[in-house]
Every structure is written in C-alpha cells, then in structure tokens.
Amino acid sequence: MPSAFNPALETVAVIDFETTGVSPAAGARATEIAAVLVHDGQVVGHYASLMQSGAWVPPFIEQLTGISNAILARAPPAARVMREVAAFVGERPLVAHNAAFDRSFWRAELQRAGRDAPHRFACTMLLARRLYPESANHRLGTLAALHRLPAAGRAHRALADAETTANLLLQMQRDVMLRFALTSAPHALLAKLQRAPRRDLAGCVANYAALAGEVTA
DNA sequence: TGCCAGGCCCTCTTTAGGGCCTT
C-alpha cells in the first residue's frame, strides 16, 4: 500500500534545547539537546545528550527540567556534543517549537564549538497559530493534549519535547493534507504556511500547489 | 550568587505597545 506522504519528502530534524535561561546573548547556555529525524511520516532516528558548558543552573531551571548542576558535572563537554549533533542532522532543515528560541542557541553553541550553522528553520508554534486558532494557547503541552499526541516522557526534557514536537509536526502535515485536499504536505509547504497571512492559508496553498503541481490531489 | 531576551503577531496599529512562547 503506497504511503500517504510524498516519497520524495526530505528528511527534517526536529530539535529541542534545555538551557539555563532564555537568551544566549544574556549569558544562558544549553544544558541538553535532542534531535529527532522525521521522514515520510515517521520518526526514523534520534540523538540526545546532556552537555557541560560550565554554566550554573538556577534553581528554577532545575525544578523545571530536573537537570541539576550535579548531573551536568558528569556530562560531556558542550562543544563535543554540539559537533556530534551537527554531524547527526547534517544539512537537513530544522524544526522546533518557537524556533526563534532554539535557533538562537543552535547558532550560539555551534559557534562556540567552531561549526557553521547555516540551517533553515521552521516553527511549529507559528504554524499551529495558523492551523489551530481555536486552541486556548499554542504551548507545546497544550497542543499535544489538544491532539492527544503520544506521551513522550517528561516534559521539559529535550528528547521528550523533541518527540512531541515531531508528533505535532506529523499531525499538522496530516491536517494540511485533509484541509486542503493534498496528497502530501512537504516541509517547504509548511515553511510557507507558517509565514502566510492567517486569513489566506488557502491562497498560500494554491500558490504553492501551482508551482509544485505534484502536491495537489 | 543568580540575574537576563527576542522574534512574531494582533490591534485600542503602522512615527507603538503589549502579549505569547521558549528555558
């Protein structure tokens, strides 16, 4: 039975950081990263690791994530972890929930590790605001509950949140296909939709479909 | 020891302000 997704759909990497704060520009550092590879409608691989940057973990963050200074003392160096995860994702497009946040740490930590960060990002939060305006809010946990996504483990840990985001991405692919009668919902289309005027998603899909006729039903 | 930001979007807007979302 043929897959409902385009076999040519590129693999994307869904990432999630745990950090000591909200801004690398203000001195916050990453404490954990996870990357989940998604291809043809399913998760096909993952990477996850704590990382030791030497940064101090505030009590609020320890309570939120369960990641303590004592745990990080035994973690591998941040630069080594970032080089490993960069090799794992390669040049694939990246996806994150509130991607502006993860993009800032991705760039900052890779720069510290001596690696370029040219990756394209897509944001499940921006897309969810357009696809699910009826949701009470667009936090990852709320959207996971709304769609009854599979439980992925403790929230606010990198791998669990990356897996939840990956499942949300797959849910949105299915919903876009259903809503707009498409046979596939490639990453490039979702990336366009996340920037589309909220009241003209159908117009954005039509324009995209006209340029890439293979996605239409 | 323990603070901190920024991109995006909406509207009471656009020469701005404030809320959301991430840790």
Side-chain angles (χ1 to χ4, degrees), chain A residues 13-36 48-73 75 78 81-82 85 93-112 117 119-147 149 152-169 171-172 190-201 203-204:
Chain A
V14 180
I15 70 165
D16 186 78
F17 275 104
E18 303 306 317
T19 71
T20 64
V22 290
S23 172
R29 295 294 306 272
T31 58
E32 186 178 42
I33 187 170
V36 173
S49 180
L50 294 162
M51 65 179 89
Q52 167 62 269
S53 70
W56 179 79
V57 180
F60 166 72
I61 297 295
E62 180 176 342
Q63 186 173 21
L64 179 71
T65 67
I67 299 171
S68 66
N69 290 292
I71 290 172
L72 291 184
V81 171
M82 290 306 301
V85 71
L94 302 185
V95 176
H97 197 71
N98 193 16
F101 172 85
D102 292 279
R103 183 178 57 210
S104 67
F105 281 93
W106 180 257
R107 290 175 175 169
E109 294 293 348
L110 277 181
Q111 184 176 36
R112 287 176 177 272
H119 305 78
R120 292 171 291 153
F121 271 82
C123 179
T124 49
M125 184 189 73
L126 293 181
L127 195 52
R129 282 177 175 172
R130 285 161 173 77
L131 293 178
Y132 313 122
E134 73 281 6
S135 183
N137 59 61
H138 297 89
R139 297 172 193 158
L140 182 60
T142 301
L143 293 164
L146 175 68
H147 296 291
L149 300 179
R154 174 181 173 148
H156 297 299
R157 286 302 298 262
L159 183 57
D161 283 0
E163 288 181 341
T164 298
T165 303
N167 283 318
L168 176 60
L169 175 69
Q171 179 71 45
M172 290 193 293
L190 299 184
K192 284 191 176 296
L193 278 179
Q194 72 169 4
R195 304 283 182 189
R198 292 190 184 192
R199 293 176 180 81
D200 191 27
L201 295 186
C204 178

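In the text below, chain A, chain B and the rest are named by the order of the sequence lines, each starting its count at 1.
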*Asks:* Looking at Val57(A), is its backbone amide N or carbonyl O close enough to the side chain of Asn69(A) to form a donor-acceptor pair, meaning the two atoms are under 3.5 Å apart?
*Replies:* yes
*Asks:* With P as the reference atom in both, quote the distance from dT1(B) to dA5(B) in angstrom, rounded to an integer.
*Replies:*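 My reading of the P atoms in dT1(B) and dA5(B) gives 22 Å.
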*Asks:* For a quick check of understanding: with a heavy-atom distance under 4.0 Å over all strands, which category does Ile61(A) fall into, base, sugar-phosphate or nothing?
*Replies:*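 Contact class for Ile61(A): base.
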*Asks:* Please answer whether the main-chain N or O of Gly66(A) pairs with a side-chain N or O of His156(A) as donor and acceptor at a distance below 3.5 Å.
*Replies:*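 Side chain of His156(A) to backbone of Gly66(A): no pair is present.
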*Asks:* What's the gap between dG2(B) and dT23(B) when it is taken at their C1' atoms, as a whole Å value?
*Replies:* 15 Å
*Asks:* Okay, side chain of Ser68(A), backbone of Ile71(A): is any donor-acceptor separation there less than 3.5 Å?
*Replies:*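 Judged by distance alone, yes, a pair lies under 3.5 Å.
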*Asks:* Using modelled atom types and a 3.5 Å cut-off, is there a donor and acceptor pairing between side-chain atoms of Arg130(A) and backbone atoms of Gln194(A)?
*Replies:* yes
*Asks:* DNA chain B: Arg130(A) or Gly27(A), which has the more 5' nearest nucleotide?
*Replies:* Gly27(A)
*Asks:* Do the side chain of Arg103(A) and the main chain of Phe121(A) share a donor and acceptor less than 3.5 angstrom apart?
*Replies:* no
*Asks:* If we take the P atom in both dC8(B) and dC3(B), what is their distance in whole Å?
*Replies:*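 That atom pair is separated by 28 Å.
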*Asks:* Does Phe60(A) reach a base, just sugar-phosphate, or nothing at all? Heavy atoms under 4.0 Å.
*Replies:* base
*Asks:* For Glu18(A) versus Ala158(A), what's the shortest heavy-atom pair and its separation?
*Replies:* OE2-N, 3.5 Å
*Asks:* As a test of understanding, state which of Asp161(A), Thr124(A), Thr165(A) forms a side-chain hydrogen bond (donor to acceptor under 3.5 Å, both in side chains) with His97(A).
*Replies:* Thr124(A)
*Asks:* Reckon Ser104(A) touches a base, only the sugar-phosphate, or nothing at all at heavy-atom distances under 4.0 Å?
*Replies:*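 Result for Ser104(A) = nothing.
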*Asks:* Please measure how far the C1' atom in dC12(B) lies from the corresponding atom in dG19(B), and state the result in whole Å.
*Replies:*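 Comparing C1' positions in dC12(B) and dG19(B) gives a spacing of 14 Å.
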*Asks:* Tell me what Arg195(A) touches on the nucleic acid: a base, only sugar-phosphate, or nothing, going by heavy atoms under 4.0 Å.
*Replies:* sugar-phosphate
*Asks:* Select base, sugar-phosphate, or nothing to describe what Asp102(A) touches, counting heavy atoms under 4.0 Å on all strands.
*Replies:* nothing
*Asks:* In whole Å, measure the gap between the P atoms of dG7(B) and dT13(B) for me.
*Replies:*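 Rounded to whole Å, the distance is 24 Å.
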*Asks:* Could you give the start and end, 5' to 3', of the contact zone on DNA chain B for chain A, using atoms under 4.0 Å from its heavy atoms?
*Replies:* dG2(B) to dT23(B)
*Asks:* By nearest heavy atom, map Asn98(A) and Ala196(A) onto DNA chain B; which one lands nearer the 5' end?
*Replies:* Ala196(A)
